[in-house]
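Just below is one structure, and these are the notes that go with it.
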Amino acid sequence: MHYDAIILGAGGAGLLAAATAGQAGARVLLLDHAEKAGKKILISGGGRCNFTNMHTEAGCYLSENPHFAKSALSRYTQWDFLALVERHGIAWHEKTLGQLFCDGSARQIVAMLLEECARGGVEIRLSTQIGEIGHDGATFSLGGDTAPQLVIATGGPSIPKMGATGVAFDIARRFGLAVVPPRPALVPLVLGEDAQAFRDISGVSLPVTARSGGASFEEAALFTHRGLSGPAILQVSSYWQPGEAVTLDLLPQAGAALREARGRMPRSGLRAALAEHLPARLAEVMAARIGFARELGNTPDAEIDRAADMLSGLVLHPTGTEGYAKAEVTAGGVDTAALSSRTMEARSVPGLYAIGEAVDVTGWLGGYNFQWAWSSGVAAGQAL
Ligand code: FDA
């Protein structure tokens, strides 16, 4: 069968690209090896899909070219997607930090996208493997199907047990497009030796400022059996590079807090003072790590300052990440230098496009990745 466009991958990006092109009159085939469309949407946001973020702007994305995302994000914004959600009567709420979720279920978002595809007459073929892709310079062929335009929307390899693969990168390379080395992002970090010290407090969570790779995030961190997780850690994990440290500010104004405690409770030890500000088990671990020998009342300023430095700058040395099995997204991907930021079309292969997570544009935690899927999907969809 001949189509105007074949889109590979029925995730968020592929679905919205297909609907956009179909509604503009293009004959579109949307193909996926999964038995259901939008599987990551269904499990996202704890089943409620954090579908966008009110504060979306290009600065919330990592890419070799930090300007690349601007064009698509500005032409199909978070407000455009929200308007679509509202047109479908889907109730939503802001949870925190501009993160918008469905009141009901992520299934509503998938149903909405499928309805939009149906309005555009999109043919969706599930449980279908991508075989050999032929290209004679003008037409792409795939199995018995042909089209002058082919869209790579197969995402990245994060969470392989859900059917995620790195096929996007294989296809891109096959057509000569560069791929920025992919890596797990928004992913828990594994601590080596440091993990021993914190193993006993696995499950403890607290608000911190986490810093690594020049980025810093104020959100919750969670100590785990193997290392660190929680939103603040997932955020910095995208910036962390092997060999670098992660620094946690556990107690802002720690010096002032300890001096105040020294005056008020001079007979107490450091642990008691810390337990007023930190979860009790963490207070115990940090007091042991800091190792004050005396009561607070007999502790000189220099020691208070040393303790404060350790509390506001706990330096940890991750040995790695939990990998694609636990990574919410894949950073890196199809090099943006190979693509038009307006249409997502490959400069060197007319008719070939890449959108969504497959591209080297990776959002922060909090709805930014779906917004990139929507914006880049619409950018390509309008061009097909
Ligand atoms: P996506 O991965 O969604 O779709 C790719 C499609 O291609 C899939 O349908 C897949 O089956 C198909 N495919 C892959 N390989 C194939 C092959 N070899 N042959 C055929 N088909 C193939 N983001 C956010 O903004 N808010 C949130 O709440 C969350 N929550 C969240 C939770 C969890 C657990 C994960 C893992 C991820 C998130 N994310 C998120 C990230 C978000 O899910 C992700 O960035 C988008 O789904 C990316 O959309 P794409 O359409 O680009 O890829």
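Just so you know, ligand 1 is whichever comes first in the structure, and atom 1 is the first atom listed for that ligand. What you see below is based on every heavy atom in this structure, not just the backbone, and it leaves out hydrogens, waters and symmetry mates. Remember, predicted model here, so these are calculated numbers, not experimental data.
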Residue pairs passing the salt bridge (Lys or Arg N to Asp or Glu O under 4.0 Å) test with at least one member in residues 32-60, sequence neighbours excluded, are E35-K39

For residues 139-149, which side-chain donor-acceptor pairs fall under 3.5 Å, sequence neighbours excluded?
residue, atom, partner, partner atom, Å
D145, OD1, M1, N, 3.4
D145, OD2, R125, NH1, 2.7
D145, OD2, R125, NH2, 3.4
T146, OG1, H2, ND1, 2.8
Q149, OE1, Y353, OH, 3.0
Q149, NE2, D4, O, 3.3

- Close aromatic pair by centroid cut-off 6.0 Å: W364 and F217: yes

Heavy-atom nearest pair, Y61 first then G363, reads CD2-CA, 3.4 Å

Applied to residues 219-228, the salt bridge (Lys or Arg N to Asp or Glu O under 4.0 Å) test, sequence neighbours excluded, yields R226-E322

Counting only non-hydrogen atoms and a 4.0 Å cut-off, the residues near ligand 1 are G9, A10, G11, G12, A13, D32, H33, A34, K40, I43, S44, G45, N50, I130, A153, T154, G155, I159, G163, T165, V167, E328, V329, G356, E357, G367, Y368, N369, F370, A373

For T154 and I152: C-alpha separation, side-chain torsions, deciding distance, then whether side chain to side chain contact (heavy atoms under 4.5 Å, CB included) applies.
CA-CA 6 Å; T154 48; I152 306 170; 3.9 Å; yes

